[in-house]
Enquirer: 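Would you mind keeping the following structure in view while I ask a few things?
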Amino acid sequence: HVRSNQQFPSFNDPLWSNMWYMHCGERVRHCRSEMNILSAWQRGYTGKNVVVTILDDGIEKNHPDLIQNYDGRASYDVNGDDDDPTPRYDASNENKHGTRCAGEVAASANNSYCIVGIAYNANIGGIRMLDGDVTDVVEAKSLGIRPEHIDIYSASWGPDDDGKTVDGPGVLAKQAFETGIKKGREGKGSIFVWASGNGGKEGDYCSCDGYTNSIYTISISSATETGKKPWYLEECASTLATTYSSGAFYDRKIVTTDLRHRCTDGHTGTSVSAPMATGILALALEANPSLTWRDVQHLIIKTSRPAHMQTTDWRTNGAGRRVSHLFGFGLKDADALVVEAKKWKTVPSQHVCIGSSDKRHTSIPADQPVQMATKTNACADHADQHVVYLEHVVVRVSILHPYRGDLKINLISPSGTNSQLLGKRLHDNSNEGFKNWEFMTVHCWGETAEGEWTLEIFDSLTRIRNPHLQAKLKEWTLILYGTAEYPYNMVNSHHSRSRMLEITASELEPSKAAFYHNQMEIVEDEDEYTAVPGRHGSLTGPCHTECGDQGCDGPDANQCLNCVHFSLGSAKTGRKCVSSCPSGFFEDNTARKCRKCYKGCETCMGRNPNQCTACRRGFYHHQETNTCMTLCPAGYYSEESHKHCLKCHQRCKKCVGEPDKCTVCKDRFSLVGDSCIPECSPGMYFNMEAMRCEGCHPSCQTCAGPGREECIQCAKDFHLHEGRCVPACSEGFYPEEVYSLPHKVCRRCEYNCASCEGSGKNCIKCQEGFSLLSGSCVTNHTCHNADETFCEMVKSNKLCERKLFIQFCCRACLLAG
Amino acid sequence: SPGLFVFRRRWKKFLFGQAIAHSISDLSRHVTLQIGSLEDYYHFHHSKTIKRSTFSSRGPHSFLRMDPKVKWLQQQEVKRRVKR
């Protein structure tokens, strides 16, 4: 908590006291960390002269709590193509969303109505664009409304969060983002804030939403009042920061303005968080209007705080920043943001380094992680593309996969930061895979770009599949964004460096710890720790108790000339005497030095990889080989309570959690549930009661039981038809090959067709009342208005050769000659 | 439902400038609209094209596609977008 001035005047807005996320500093509140909005207000920042618009279903511009700050120039009705963004009113108040979001940002203060907006003096507008058909043009138009006037565009919508959709901006919307960041705000770049996603319950992953996953949007996620993950929250590596929102039914929600001049205390979802973040950014833009779109992202990363955001996912990246897939860099801090913004110096220009595409087709066997590594010099040979310090990292991937939801993808940076680009999505059974999909991570922000990057793909077998069909990586490309120079000046960097030094070695992941040992220069060396002649005895005070008989140059443990017990560190970088070696080091009693254990070891007997006795966080101890590993090898499972790799049951090739919870079986065994049962010969299945192989129905090639409805794959020359294997499709259906299946599937012929051949579009017999014309069935009715001119148009445009128009008076025109 | 796309009667295309866009739209009887602040992208609308369809249209825009000054042309597809 920071300065909370008790003298700050209370507002007369009736729901002011219900805005719990503004009062976390008070002891009675459940929220333990402040977003420090009051402190930013106390510094005088309330959003004056900053223009915000809400891209949504409209804004009630005459709402008493919005009217004072309403800005018509920041508004437009894309659905109705006019300047009035007023929502369409209906009985269910469906179009309340934009008005609710707007109130969070800029509801007026001290007007005895509803609430106080976070930027209560900002100009607020609304772009009505969700209440109608949304197309690429509608989105592009909305994202590009008056970019010279509007500073921040806040969007709390996106593709379906159903856990099976992969969708993002079209060509024009992408163009609108790029135009916005290049030309908006007189070249400083429009600020696009986005709600990270609401599909937590559906197992959705926000990297499958191309808007929130874009480098041009600031992706905001949510935390409950107690700092937990709300049920709706999606995780992904592109989330930048978090604001408070709401959680379970017993958690308090957000109070804001509502449709029909009302107020509400029931606003929820990530829609709460994006406008909240927008309001905080409006304060920062008031503090420093010359911030660029990239300055804003740097500022958010520097000032957001992990404190009290509860997840085990926190990790420290190679630049010393704590980041999580749930909360990004943490809870937004308005006060820190305005303070940093005020003194901010624009970051150096953005460089983009596009790596060469790896087009080797790589098969991805199920349940075995596949790693592809690429080394990069980060375009060091092109001065205008050279990236030294990272910002966003994008991986463009094309993968074929019979069940897309089974895929998990990670990216490991040269500093060892492991970003999960895609998590498993149980509802996603699409066989479309990913076609040039761009996954984005902000987890490597501030790290150096050069070195070896590793893409890790894991295809977890969660459902019955054709064992011959494997996932295939067709192509991947690494795109690095960042700067050639260190982005912060010394004044700015002080804050981040002091934050870095606050991190203790035990908090770091092993790989980062190793990196930090280099950065902080706590490395051992082989030179002797001997006295320096001529300096001994120059002291007047006592030496540190750990100093040996040769004395010291000062009172501290790092000023000893030799040690009683062990020395830690190196001569180059400074070393000190310690009574025992810290974790990650072992005691060399002969040399009386602390020597470093092998990477990943917490304690060890020597420096070899097979001398580990305990492992660091994130590693598992393999007791048979005394090694530490991030993933247990095949045949072993990770036992989480003691972090050991333990052996699977003898029939399992792989298992999880318990020895007999198999995920992959050894040869001659098949997986049923989580047990490995003896494999039966083709046409047989294993009867669990009789404990023997028995025959499938003759129509099945493989099956789960004896019935004809229990086929997994059809026998030769049989086709799958409505859950059964049949020798021929019934009338009105035709057999079609399917990518993921070894047999054909019966598909229905086109509408009105009684029988077709080869494809649904090649009809050979029509239903009653229809006639066959060029493989399609046209109605026997004729058009009354098909005059000569009309039929000439039909003929000249060859409409009757086109499927879409074949019902279009073709018969009438043909009969008329 | 998943996999079902709805196409609208409007088309967008990439040209070299507003004047050319207007001359083409006059010839092909399309109405030209500006797309936000995007330069060289225009939105074309023809009253004779089916307003909303589950099939991609092959109507009067064929004239647009044939024009050598047109670099790229795409019919608008309705996207499913949800409030969060």
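In what follows, chains carry the letters A, B, and so on, assigned in the order in which the sequence lines appear, proteins first and then strands, with residues in each chain numbered from 1.
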Enquirer: Pick from A:Val138, A:Thr270, A:Val78: which one has the most heavy-atom pairs with chain B under 4.5 Å?
Expert: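 Between A:Val138, A:Thr270, A:Val78, the count favours A:Thr270.
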Enquirer: One pair to check against side-chain contact (heavy atoms from CB on, under 4.5 Å): A:Trp157 and B:Val82. What are the steps and the verdict?
Expert: CA-CA 5 Å; A:Trp157 49 268; B:Val82 293; over 6 Å; no
Enquirer: Who wins among A:Ala176, A:Ala155, A:Ala140, A:Gly197 for the most heavy-atom pairs under 4.5 Å with chain B?
Expert: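 Of A:Ala176, A:Ala155, A:Ala140, A:Gly197, A:Gly197 has the most heavy-atom pairs under 4.5 Å with chain B.
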Enquirer: Shortest non-hydrogen contact from B:Ser37 to A:Pro147?
Expert: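 Scanning both residues completely, I find the closest heavy atoms to be OG-CG, 3.7 Å.
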Enquirer: Would the number of heavy atoms belonging to other residues, nucleotides or ligands and lying under 6.0 Å from NZ of A:Lys174 be above 12?
Expert: no
Enquirer: Considering only heavy atoms from C-beta outward, does the side chain of A:Val171 approach that of B:Trp72 to under 4.5 Å?
Expert: yes
Enquirer: Kindly indicate, with the supporting measurements, whether the criterion side-chain contact (heavy atoms from CB on, under 4.5 Å) is fulfilled by B:Leu38 and A:Thr179.
Expert: CA-CA 7 Å; B:Leu38 294 184; A:Thr179 306; 3.5 Å; yes
Enquirer: Determine the option with the most heavy-atom pairs under 4.5 angstrom with chain A, choosing from B:Arg80, B:Arg81, B:Lys79.
Expert: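 Ranked by heavy-atom pairs under 4.5 Å with chain A, first place is B:Arg81.
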Enquirer: Is A:Thr165 in contact with chain B via its backbone, its side chain, both, or neither, using a 4.5 Å heavy-atom distance?
Expert: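 When you check distances to chain B, no heavy atom of A:Thr165 falls under 4.5 Å.
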Enquirer: Pick one of side chain, backbone, both or neither for A:Ser273, based on which atoms fall under 4.5 Å of a heavy atom in chain B.
Expert: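 Contact with chain B is absent: no heavy atom of A:Ser273 under 4.5 Å.
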Enquirer: What do the steps show when you test A:Asp136 against B:Gln76 for side-chain contact (heavy atoms from CB on, under 4.5 Å), and what is the final call?
Expert: CA-CA 7 Å; A:Asp136 194 17; B:Gln76 286 303 286; 3.6 Å; yes
Enquirer: Check whether more than 12 heavy atoms from other residues, nucleotides or ligands sit under 6.0 Å from atom CZ of A:Arg88, and answer yes or no.
Expert: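 Yes, the 6.0 Å shell around CZ holds more than 12 heavy atoms from other groups.
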Enquirer: Can you find a heavy atom in the side chain of B:Arg84 that is under 4.5 Å from one in the side chain of A:Asp209?
Expert: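 Yes, close enough: below the 4.5 Å cut-off.
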Enquirer: Heavy-atom pairs under 4.5 Å with chain B - which of A:Gly269, A:Gly184, A:Gly158 has more of them than the others?
Expert: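 The candidate making the most pairs under 4.5 Å is A:Gly158.
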Enquirer: At a 4.5 Å cut-off on heavy atoms, which part of A:Asp162 comes close to chain B: side chain, backbone, both, or neither?
Expert: neither
Enquirer: State whether A:Asp57 and B:Lys83 are salt-bridged, where the test is any N-O pair (Lys NZ or Arg NE/NH1/NH2 against Asp/Glu carboxylate O) under 4.0 Å.
Expert: yes
Enquirer: Please report the interatomic distance CD1(B:Ile35) to CD(A:Glu139), rounded to the nearest 0.5 Å.
Expert: 12.5 Å
Enquirer: Any side-chain heavy-atom pair from A:Gln175 and B:Glu39 closer than 4.5 angstrom?
Expert: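 When only atoms from C-beta onward are counted, B:Glu39 and A:Gln175 do not touch, as no gap falls below 4.5 Å.
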Enquirer: Counting heavy-atom pairs under 4.5 Å to chain B, which of A:Ile145, A:Asp81, A:Asp160, A:Val272 comes out on top?
Expert: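 Looking at each option in turn, the highest pair count goes to A:Asp160.
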